[in-house]
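Only one structure is covered here, and it is reproduced in the block below.
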Protein chains: 2
Amino acid sequence: MLTEKRQRVIEKYLDEHDLCQVIELCHLTQTSESTIRRDLIQLEKAGVLTRVHGGARSIRDFSRDVSQHVRFGRNHQAKIAIARYAAHKVQPGSYIFIDAGTTTYEMVPFLAQIRDLTIVTNGLETALCALGHQIETILIGGRIKADTHAGVGTFALKQLATMNFTASFIGANGLDVQGHLMTPEPEEAAIKAAEMAQAQTTYILMDASKIGERHFVTFGQANQATIVTSQLSQAAKAAIPADIRLEEAIYS
Amino acid sequence: MLTEKRQRVIEKYLDEHDLCQVIELCHLTQTSESTIRRDLIQLEKAGVLTRVHGGARSIRDFSRDVSQHVRFGRNHQAKIAIARYAAHKVQPGSYIFIDAGTTTYEMVPFLAQIRDLTIVTNGLETALCALGHQIETILIGGRIKADTHAGVGTFALKQLATMNFTASFIGANGLDVQGHLMTPEPEEAAIKAAEMAQAQTTYILMDASKIGERHFVTFGQANQATIVTSQLSQAAKAAIPADIRLEEAIYS
DNA sequence: AGTTTAATTCAAAAAAGTTCAAGTTAAATC
DNA sequence: GATTTAACTTGAACTTTTTTGAATTAAACT
């Protein structure tokens, strides 16, 4: 492949994905890491992208560190599979809520094709990503948490209370055998509860590693929602409550 | 094959493909690499194409040059000077509003040192930047405009109506001799008006090039605020309304 | 700590530049 | 009209430069 061509592929890929790993580009262009690194150095010098540890970021992507951790995180493949699966539930013309968080963030690219879609979110990165995909986006404001970049607090709750969603897609950090949906942080829990309350249908996105885990605050009951998760281990299956709607997203 | 004919074929192929390899052209024209190289040298000299290692690229292809957008917009230095000047107006312990926009965005780094500061903004990038500087941040939600990434609309206005700021820092696109503060977009104008209404003191940030410019919507009167701008040209001075508080930020 | 990613270095491979002999063409000469 | 010569084009052989991938060392992240 021509150097020129390869660098264009990289540019295009970065335009679409905002962030990418060196390895991804190797597979994409069928070249070695050395070559990709050299390309990235050149492209950075040309002002097309910014190099970050492990890959590169689009120059006009402000979401920086958080989404970087999103992309390079551990169960990334599982999260994408869950997100893709969940995205299939979305109907054209609907108003959906996308919770702040890494798994739900991954839904956005899969939503880009759906017609007349409006997404509402309290995640800054999610909003920016959606805008980048030409999706009509409404952001829940409020105090922004420094670690997760999620809108929380009374301002957020008040704004949420006036909205009604076709469906909410919410991340959770834990699910126990009694069907408690849990998260470590009270303010985020309050928001998640409101997100559920305002939705006709709720989907909880959580990878299998979180089933059986317990956290400080319960924000809802599992039987009020559909759980979308990755392939379950035997241990995870034992920890699932009885009266539950659970769907496994299979990925290869 | 005639040289003339061969070069015509190369041109045509390049018009269609933007980019091509020497080998491709050899097959296409049934000639040796030497010949193709000689053709490419000639055609490059004629300004038809640009040679790259391994092939050539159409001169008409500007997708490459677009990437020269290391564009920190036009008056970047002036904007930083204005932002620095405006930031000095901020007192510790205050609640201030920072409007979405490039000039106001530049204030954020200068605000990082100020103790007990809470900033409220309707700009996504501004919020992320502030969070990055460990500043307590509240975001105004609402529909997010795709071009400016600013929160607008009724959701935003409603949320704003409940807040009160020590000071608002707002960008403007135009100021005429009657003291009209103007911006091109009605929805943003409505937000800017609300930002002014909720503030004890308003600072309008605009570089000198915008003084004398007119735009579609007026969102406020200059005598209700302090204008912070860059060094004024003679033309700009002539366009300034009489009853105005205006401060020039000097930069070297 | 240990693991992953990046920078550096070097040899192999690919491509470009260079040179030259053979082939073409066209005008000039016989 | 045929032959010669000069100008030009072409393809191959060779050298130089650029690009590439692997190996090693250094740095960064968890």
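Please read these numbers as outputs of a predicted model, since none were measured by experiment.
Nearest approach of A:V22 to A:I36, heavy atoms of both residues: CG1-CG2, 3.9 Å.
Rounded to whole Å, the distance from CD on A:Q42 to P on C:dA7 is 14 Å. Protein atom CD of B:Q30 is 10 Å distant from nucleotide atom P of D:dG11, rounded to whole Å. One interatomic measurement links the two molecules: CD1 of A:I41 to P of C:dA6, which rounds to 10 Å at whole-angstrom precision. Put simply, CZ on A:R6 is 14 Å from P on C:dA14, counting in whole angstrom units. Regarding A:E24, its CD atom lies at a distance of 16 Å from the C1' atom of C:dT4, rounded to whole Å. Taking atom CZ of A:R57 as the reference point, atom P of C:dT5 lies 18 Å away to the nearest angstrom. One can place NE2 of B:H53 at 13 Å from P of D:dT17, the figure rounded to the nearest angstrom. Following rounding to the nearest Å, B:Q21 (CD) and C:dA16 (P) show an atom-to-atom distance of 9 Å.
Enclosure of atom NZ in B:K12 is not indicated, since only 12 or fewer non-hydrogen atoms of other residues, nucleotides or ligands lie within 6.0 angstrom.
Within 4.0 Å (heavy atoms only), B:R51 reaches sugar-phosphate atoms of the nucleic acid but no base atom. At the heavy-atom level, A:T35 lies under 4.0 Å from the strands shown only through sugar-phosphate atoms.
Look at A:T3 and you'll find a side-chain N or O under 4.0 angstrom from OP1 or OP2 of D:dT20. The shortest distance between the side-chain N/O atoms of B:S32 and the OP1/OP2 oxygens of D:dG11 is below 4.0 Å.
One donor-acceptor pair, N or O on each side, does fall under 3.5 Å between the base of D:dG11 and the side chain of B:R38.
DNA chain C is contacted by both B:R37 and A:E33; A:E33 maps to the nucleotide lying nearer its 5′ end (nearest heavy atom per residue).
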_Determine whether A:T202 and A:I204 satisfy the following criterion, side-chain contact (heavy atoms from CB on, under 4.5 Å), listing intermediate values before the conclusion._
CA-CA 7 Å; A:T202 299; A:I204 300 291; 4.0 Å; yes
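Two rings, from A:F169 and A:Y203, have their centers less than 6.0 Å apart.
Side-chain atoms of B:Y13 and B:E24 form a donor-acceptor pair, as typed in the model, at a separation below 3.5 Å.
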